[in-house]
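In what follows, a structure is listed as structure tokens, so that the remarks can point back to it.
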Amino acid sequence: MEYDFQAIEERWKAQWKTDNAYRVEEDPNRPKYYVLDMFPYPSGAGLHVGHPLGYIASDVFARYKRHQGFNVLHPMGYDSFGLPAEQYAIQTGQHPAITTETNIKRYREQLEQMGFCYDWTREVRTSDPKYYRWTQWIFSQLFESWYDVQADKARPIRQLIEALDSNGLDGVHLASDSKWWENLAPKIRAPWGDDFGGQLSADQWRNCSDSTKSQILMEFRLAYLADSEVNWCPALGTVLANDEVKDGLSERGGHPVHRKRMRQWIMRISAYAKRLLDDLDGLDWTDSIKEAQRNWIGQSQGAEVRFNVAETNHQLAVFTTRPDTLYGVSFMVLAPEHPLVPEITIPGHKDTVEQYQQAASLKSERERQGAGDQTVTGCATGASAIHPLTGKKIPIWIADYVLAGYGTGAIMAVPAGDERDWKFAKTFDLQIPGIFEGKDTNTAVFTEKSAILCNSESLNGLTGSEGIPAAIEMLETKGVGSKQINYRLRDAVFSRQRYWGEPFPICYENEIPRLIESTQVTLPEVDAYLPTEEGEPPLARARKEDWNVFEGDRMEFNTMPGWAGSSWYFLRYMDPLNEEVFCSREKSDYWGPVDLYIGGAEHTTGHLLYSRFWTKFLFDIESIGFHEPFKQMINQGMILGRSSFVYRVLGTNQFVTAERRKEFKTQRLHVDISFVEGDTLDTEAFRNWREEYSDAEFILGKDGTYTCGFEVEKMSKSKFNVQTPDELVERYGADTLRCYEMFLGPLTQHKPWDTQGISGVHNFLRKTYRLFAQSDDGSPSDTSLRILHKTIKKVTDDLNRHAFNTVISALMIGVNELLDSKGHQRNILQPLAILLSPVAPHLAEELWQMSEGKGSVMDATWPESDEKWLIADRITYPVSFNGKVRFQLDLDATMEAKDVEKAALQHEKTTAQIEGKTIRKVIVVPGRIINIVVG
RNA sequence: GCGGGUGUGGUGAAAUUGGUAGACACGCUGGAUUUAGGAUCCAGUGCCGCGAGGCGUGUGGGUUCGAGUCCCUCCACCCGCACCA
């Protein structure tokens, strides 16, 4: 009887479907376990062999947990809004919903064929109105919330209004721009006076019109509308988030990105910076991702110092991490975009300053932060600041090495202790006051905190590290500065000028935004998926009657970004059909949070940060009871393609085999891997591949075949090295593919795909089938029981540490040894079938039946290894001399160290080894090793 | 520049607490069997050497009876971040 994988897999897939075998419901009597795969975008190309790697691993783990008695939630769905479907729509006019539907169908087929245990009744799609209704709801909650810094949580805007009505902003600490009032129109803040510093009184608030109040509140909402510098990508016709821009180019498509000032919806993620940073410590994620998030959040501790601008009322605040070097400040530098630049520049410098500003604004993001381009540029404003401690006048410059978006957009320059300041001072011949004992900072900068300070009055004699707290204290006493913590993390732009995304539940009245709460806003039909002639987003094409709801003067034309829907999808899986709430508290209390999250490492600063942010927000408003979404995460490595090459002799149609290619001048060409079997080219297939190769001639090797060269690179269509799971499933079955992908190597590592190895794994399954075909109900030998229990232990331990590759090896060893020991008795085979079931579910179900197991193998209890069978009665000791193994010694396991030593020393080979030398020491590690030190 | 990661046979890799380096597979070599199959079985396969033996986990050093594993140095490759004050 042969292993007929096709029949087996088909039969059990059908049976499981009939039995709803993957359906899960909450069950308070059983512990839950939530295994989640990263949300796929259903692309038109379908899955290649690299995609399912993580899905297989999570599926194996989900099944394993189920055997252990856990109630396992293991869902799948689609991040189905997004650019590719829309780009396709622009080109073809086909509605993105249609493309998306087709792609999802294909994905579903591929996923089902792999035998994943997803509960498909929980499938979600971000582009489904029943889903995005709740994405919109979360947005509306963010809109209706502000961040209370004192309580360190989000609170309803209603409570802020109540506070404003009774006490104004007195006693309220909220997250906002540090000078939020400057974002308001001058005529709004005019009544509050020139020296308004943010302390809005109850009277001032009450005197505002409704429209003004709404504009003021906008400064405090967690989802707010603001004019800001955004990453505008003209080629894509939309803005991009910081994490969607790499080296000044769009991540998708690689198009140039410019800075542009636009009115956009923004998420106040910066309010959560500290919590996002601090809570990383408790997560079981890789250090590299946690570290990358820490860098992205970019906390730095230091001080804010205020400088007065000479002969004006203006004040310039700067942030510094080195307040200890205050006495070394010899000039200030502002970002070219700094709002005070025009006001403080003295008449004689206006022209050059404006020219410099102009030049800086024309530079693209890429040029401005371009690697290598570290040429120092800058321009004096002619104005001076007063050093707050010494009272000395210091010049104020502008330069584009100072970023408008970080800190206050201004710095105090300490050339002695800062590389960039030092270079700047050298370039423009500015003073470099020495402040470190024994360091000549005129010739070299000194940036370490270890130097002893001098010329620094009360700080003299302190090291930098000691000087920092002392300096902060001094600044606070003198009232010219204070301790401060700064974050690099900026608020996230939440508008996209696109069609295929969630519409905002927002309309405008006199250009004041208002939430639409009466009905859900759904995507209207439009005549084209392009911006309007006026440059408005595609939704501006919708006529009033195209919208299902139309309120106010106009609807919001932007849509939400891709990360909106994917920031909370793991919550919807817990309660996918609920029409009252995004997820009932009862269900999220049972299922949440995600216990194990498996996916690629490419979402480090995007998805993973945004999900954490929304989770914390939903926790604050008590919609869920946990504040981190993903307890443990594993990032699978990429599966690389193995490309094959042929070598064409230059100027001919002759192709030379790889081993002889050095004899000719050749051109290397990718060849489709489907014509290559173990590096040997099917020359006929190659000739038939393309017209131009039809009369190709081959210079063959000695064995009369054509050998291709190979290289490991990313899988891509253009390299003809893409392997789809479909053909492999057809040829070997899903179980083989699952086992093979796990067998390839450690999950987290990148590895090349090589189909040659798959036959070994397929053989293993065939051998397993053969073992079970002999199933009987005799009693097994001690040897067979030892093999079984050793395998149980190894497989269990390895699954627990997610070492899936060695799980397969252990099973192979087990099956090989059982075949040798004739271990085909039912009480050996049944536990073995369970061990196999996470990795090869179809075959395991068949084998379970063959060995007369009851019910489905999926629900069988995971076997436990019995210590009794793990203890060996004999031990083969390696005997080494000076650490080098010379021979083996088979001894009784119960023998004590003393006797082991004696036995070793008496051995004839020992005598030979120590000939002419003396024994200095004998080390016996019981059960392990004997080492004899001679000399 | 900073941060993270990876270096072990011809290939993918294993070695979990410092204790027989290369398990398990692929590939390769030889053989058996068979109405040639991408089947099965047996033997071999880290490198050098006929052999005894020697050498071997990126480099060089150290700790140890014993190091792929711990410490230091350097090198190569991959991935992030990068004028962040």
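All values below were derived from every heavy atom in this structure, side-chain atoms included, with hydrogens, water molecules and symmetry-related copies excluded. In what follows, chains are A, B, ... by sequence order, proteins preceding strands, each numbered from 1.
For A/Lys884 against B/U20, no side-chain N or O and base N or O form a donor-acceptor pair under 3.5 Å. No donor-acceptor contact under 3.5 Å links the side chain of A/Gln749 to the base of B/U6.
Spacing between atom CD1 of A/Ile297 and atom C1' of B/C84 amounts to 14 Å, rounded to whole angstrom units. Going from atom CE of A/Met742 over to atom P of B/A13 covers 14 Å, rounded to whole Å. Per the geometry, NZ belonging to A/Lys794 stands 9 Å off P belonging to B/U16, to the nearest Å. Rounded to an integer number of Å, the gap from A/Tyr3 OH to B/G37 P is 23 Å. If you measure from atom CG of A/Leu334 to atom C1' of B/C84, you get 16 Å, rounded to the nearest angstrom. To the nearest angstrom, P of B/A23 lies 18 Å from CG of A/Leu811. Rounding to whole angstrom units, CG of residue A/Asn763 and C1' of B/C24 are separated by 13 Å. Here B/A25 presents its P atom at 7 Å from CD1 of A/Ile813, a figure rounded to the nearest Å.
Phosphate contact (OP1/OP2 of B/U64, side-chain N/O of A/Asn931, threshold under 4.0 Å): absent. Distances shown here put a side-chain N or O of A/Ser300 below 4.0 Å from the OP1 or OP2 atom of B/A85. Listed pair A/Arg928 / B/G18 fails the phosphate criterion, with no side-chain N or O lying under 4.0 Å from OP1 or OP2. Between A/Asn295 and B/A82 there is no side-chain polar atom (N or O) within less than 4.0 angstrom of OP1 or OP2. Residue A/Lys921 places at least one side-chain N or O under 4.0 Å from the OP1 or OP2 atom of B/C65.
Side-chain contact of A/Tyr401 with A/Asp421: a donor-acceptor pair under 3.5 Å is present, judged by distance alone. Judged by distance alone, the side chains of A/Tyr356 and A/Thr377 do bring a donor and an acceptor atom under 3.5 Å apart.
Taking the nucleotide of RNA chain B with the nearest heavy atom to each of A/Leu819 and A/Ile923, the more 5' of the two is matched to A/Leu819. Of the two residues contacting RNA chain B, namely A/Ala803 and A/Thr605, the nearest-nucleotide position lying further toward the 5' end is that of A/Ala803.
The side chain of A/Ser809 sits closest to B/C24 out of B/G27, B/G12, B/C24. Of the candidates B/A25, B/G19, B/C41, the closest approach to any side-chain atom of A/Ile929 belongs to B/G19. Of all nucleotides listed (B/U40, B/G54, B/A13), B/U40 comes nearest to the side chain of A/Arg770.
To the nearest whole angstrom, the two P atoms, one in B/U57 and one in B/G62, are 15 Å apart. Of the C1' atoms belonging to B/A14 and B/A23, the separation is 5 Å, rounded to the nearest Å. B/G54 and B/A15 are spaced 29 Å apart, taking the P atom of each and rounding to whole Å. For B/U35 and B/U29, the C1' atoms lie 27 Å apart once the distance is rounded to whole Å. Rounded to the nearest Å, the gap between the C1' atom of B/G60 and that of B/U16 is 29 Å.
In this structure B/G27 sits in a base pair with B/U45, meeting the Watson-Crick or G-U test at under 3.5 Å. Pair assignment for B/A67: none, as no Watson-Crick or G-U wobble contacts are both less than 3.5 Å.
Atoms CZ and CZ, from A/Phe5 and A/Arg766 in turn, are 9.5 Å apart once rounded to the nearest 0.5 Å.
Ring-plane geometry between A/Tyr740 and A/Phe743 is classed as tilted, the angle between the planes lying from 30 to 60 degrees on a 0 to 90 degree scale.
Using a 4.0 Å cut-off between charged nitrogen and carboxylate oxygen, A/Lys898 and A/Glu901 do not count as a salt-bridge pair.
When side chains are defined from C-beta on, A/Leu316 counts as touching A/Ile396, because their heavy atoms get closer than 4.5 Å.
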